[in-house]
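So that the names make sense, note that chain A is the first sequence line, chain B the second, and so on, each numbered from 1.
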Number of protein chains: 2
Amino acid sequence: MKRDSRLSSVLHALLHMAERGEPMTSETLAVCMCTNPVVVRRTMGLLRDAGLVASARGPSGGWQIVADLNSVTLRDLYDALGEPTVFAIGNRHEAPQCLVEQAVNAALDDAFADAEALLLDRLGKITLARLSADFNRRYAAHRTRA
Amino acid sequence: MKRDSRLSSVLHALLHMAERGEPMTSETLAVCMCTNPVVVRRTMGLLRDAGLVASARGPSGGWQIVADLNSVTLRDLYDALGEPTVFAIGNRHEAPQCLVEQAVNAALDDAFADAEALLLDRLGKITLARLSADFNRRYAAHRTRA
DNA sequence: TAATTCGTAATATTAAAAGTTACATGAAAC
DNA sequence: GTTTCATGTAACTTTTAATATTACGAATTA
């Protein structure tokens, strides 16, 4: 099953944008995200709607982070992307007539709901600032080795 | 994103099989699972490989539960189905060169691993016997109302 | 006004899952 | 032992959701 990698993708883009101070074009971001400028615009557009980044047209335009890295969590990004489906496993029908299916769904729904709550809670505790610091730590270690 | 409903599906089938004592054909199961006999054979075949059900060919053949309902958990079914991907959200690359991506993946992987562990732990605590009891409770309540 | 860049609609491609067809294999009943 | 029923499985088709692409309009800068 193909997984939605937009969260990972926008994170990647945001950290690159944080390193740079100036705007990055959709084209530039597309290269570093291994995708297409239009896809970048569509995805970053969702973050803009959530007030996390800003876009500007014309020469010297592009995308920039406007939110405080300390206050933006991965949960915020998840929400901005439209709260995509978390699980690749799910029930067959939403409103089953069959009593067997009702029993099955009730049991599964509980377990999945708890796991989802745990995951989103975790995402809510990771800030962009922390990831940026993590990156810089790795970068320093990398330069030491080289 | 389309979700894998095989777990929900085989559960449904197993509970129906538990209610009946005798073998059920792929065709019968296909109807109650809203699918196709060949898909049923493919899926139930995985459960057979795990020793949970048995199949018999020829007249009066079909599928039957052979495991003890008290000892089979939803986790066992999950395993039998080949431990399908739990999350619909994931990283872009598995082995990224980019240090930014490494930082991103490390953070995400942790959160997802913990949520997955919680889910599988929960599934490991739900037995088929309990689901069957749950179904019978619902059935009794339904008959009372009717 | 020319160059650049986003915004977005329309379309195409891709990849994974599910469904289907077809037929071989094996078991039971008569 | 022949007929019937049912699984086993390979090959192929369909479906569907995501992603990618093309194309062009709108806005901005210089």
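- At the phosphate of D:dT7, neither OP1 nor OP2 sits under 4.0 Å from any side-chain N or O atom of B:S55.
- If you take CG of A:L29 and P of C:dT5, they are 12 Å apart, rounded to a whole angstrom.
- For the pair A:Q64 CD and C:dC6 C1', the computed distance is 14 Å after rounding to whole Å.
- Comparing A:V39 and A:S60 by the nucleotide of DNA chain D whose heavy atom lies nearest to each, the residue mapping closer to the 5' end is A:V39.
- Per the geometry, CG belonging to B:D4 stands 12 Å off P belonging to C:dG19, to the nearest Å.
- Atom CZ in A:R41 sits about 14 Å away from atom P in D:dA20, given to the nearest Å.
- Within 4.0 Å of A:G45, counting heavy atoms only, lies no atom of the nucleic acid at all.
- Going from atom CE of A:M24 over to atom P of C:dT4 covers 18 Å, rounded to whole Å.
- Looking at B:T25, its side chain does come within 3.5 Å of a backbone N or O of B:T28 through a donor-acceptor pair.
- A donor-acceptor distance shorter than 3.5 angstrom exists from the side chain of B:Q64 to the backbone of B:G21, with no hydrogens or angles considered.
- One can place CZ of A:R42 at 8 Å from C1' of D:dA20, the figure rounded to the nearest angstrom.
- Side-chain nitrogen and oxygen atoms of B:S26 include at least one within less than 4.0 Å of the OP1 or OP2 phosphate oxygen of D:dT7.
- Using a 4.0 Å cut-off between a side-chain N of Lys or Arg and a carboxylate O of Asp or Glu, A:D134 and A:R138 qualify as a salt bridge.
- Put simply, CG on B:N36 is 13 Å from P on C:dA22, counting in whole angstrom units.
- In this structure, A:L81 places its CG atom 13 Å from P of D:dA18, rounding to the nearest Å.
- Where A:E27 and B:G58 each meet DNA chain C at their nearest nucleotide, the meeting point lying more 5' is that of A:E27.
- OP1 or OP2 of D:dT19 has not a single side-chain nitrogen or oxygen of A:T35 nearer than 4.0 Å.
- Mapped onto DNA chain C by nearest heavy atom, B:R57 and A:P59 fall at different nucleotides, with A:P59 at the one closer to the 5' end.
- Mapping A:C34 and A:A56 onto DNA chain D by nearest heavy atom places A:C34 closer to the 5' end of the strand.
- At distances below 3.5 Å, not a single donor-acceptor pair connects side-chain atoms of A:T85 with backbone N or O atoms of A:F87.
- If you check C:dC6, C:dG19, D:dT7 against the side chain of A:W63, the one that comes closest is C:dC6.
- In this structure, the side chain of B:S132 does not engage the main chain of B:L128 through any donor-acceptor pair within 3.5 Å.
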